[in-house]
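Here the structure comes first, spelled out in structure tokens, and everything after it is commentary.
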Protein chains: 2
Amino acid sequence: MVPYKDMDDDAVFRALADASRRQMLDRLHARNGQTLGELCQGLAMTRQAVAKHVAILEEANLVSSERQGREKLHFINPVPINAIAQRWISKFERQHLNALADLKETLEGKGRN
Amino acid sequence: MVPYKDMDDDAVFRALADASRRQMLDRLHARNGQTLGELCQGLAMTRQAVAKHVAILEEANLVSSERQGREKLHFINPVPINAIAQRWISKFERQHLNALADLKETLEGKGRN
DNA sequence: TTGACATGCAACCATTTGGTTGCCTATAAA
DNA sequence: TTTATAGGCAACCAAATGGTTGCATGTCAA
């Protein structure tokens, strides 16, 4: 509803704070549309614990899901991560920004030669 | 000691999970080298609570500090945030990467004209 | 229809987290 | 040498977090 505010950031940052949840995002990134059962594999915890993590990822809008028959498919949503990277992290990222600026300047300089 | 591993990521992500700590980083970004007392101003919590947050930021290597007389000056360290942005978030950031690649290609194309 | 499978829901538990208060130490200033 | 200021340390507390177990529900297949 409300456009991106700091509260949304908070949910995303907190969702990303747990290594198991980051691993789930990794695995969804490797193969999108996995079921809850598939996400459970390789994680040393019960299915219910995984379901809770997934719920937190969904609340942060990092994962969306779709019920298909008796299965629930999960899809990663890169938008909130993008938003954080662009609006928050890039503030602290002088090196990257400067490197990009330098690259642009260098190449534009070449263009004018 | 050990180069950047996932355990380091974990400390950084968890340090970033708290809104008060992100605010402290914001404020250090706005003006570097603040004392503990200065960092306390405007935060609705005791100095001791702020000191704990600072300790967490220091353990995550996001902030370094230097004792100067009876004051302790705090400095933001952008390296871990850079590292996360580049190694972890950019994986999910197709748009940004593509935009950067496009820019590079465009400008290099100009250079060859 | 009956059984197996995928998921949901709720109660419960231990540990971590974010905060407090109280007191101590060190340095600067009067 | 007092006194005020900046910070450190430790005990304590409530709430959030990450996990469990037990059971219920919905759907596919034999």
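A, B, ... follow the sequence lines: proteins, then strands. Residue 1 opens every chain.
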Can you check whether [X] has a side-chain N or O nearer than 4.0 Å to OP1 or OP2 of [N]?
X	N	answer
A/R14	D/dT17	yes
A/H53	D/dG19	yes
B/T46	C/dG19	no
A/R70	D/dT25	no

Practice task
Group every Ile, Leu, Val, Met, Phe, Trp and Tyr by side-chain heavy-atom contacts under 4.5 Å, then state whether B/I56 and B/I76 land in the same group.
Solution key: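 No; tracing contacts between hydrophobic side chains, which count when under 4.5 Å, never links both residues.
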
Practice task
Mind listing the closest non-hydrogen atom pair of A/S65 and A/E58 along with its distance?
Solution key: OG-OE2, 2.8 Å

Practice task
Compare every heavy atom of B/M24 with every heavy atom of B/L39, then report the nearest pair and how far apart it is.
Solution key: CD2-O, 4.4 Å

Handout entry: Distance, nearest 0.5 Å, that separates CG of A/L62 from NE2 of A/H74
Key =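 The NE2 atom of A/H74 is 13.0 Å from CG of A/L62, to the nearest 0.5 Å.
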
Fill in the blank from the handout: Whichever of A/I56 and A/G69 has the more 5' nearest nucleotide on DNA chain D, that residue is A/I56

For a quick check, tell me whether the side chain of [X] and the base of [N] share a donor-acceptor pair closer than 3.5 Å.
X	N	answer
B/R47	D/dG8	yes
A/R67	D/dG26	no
A/Q48	D/dG22	yes

Problem - Rounded distance in Å - CG (A/L39) to C1' (C/dG8) - result: 16 Å

Exercise for the section: Calculate the interatomic distance between A/E66 atom CD and D/dT27 atom P; express it in whole Å. Expected result: 15 Å

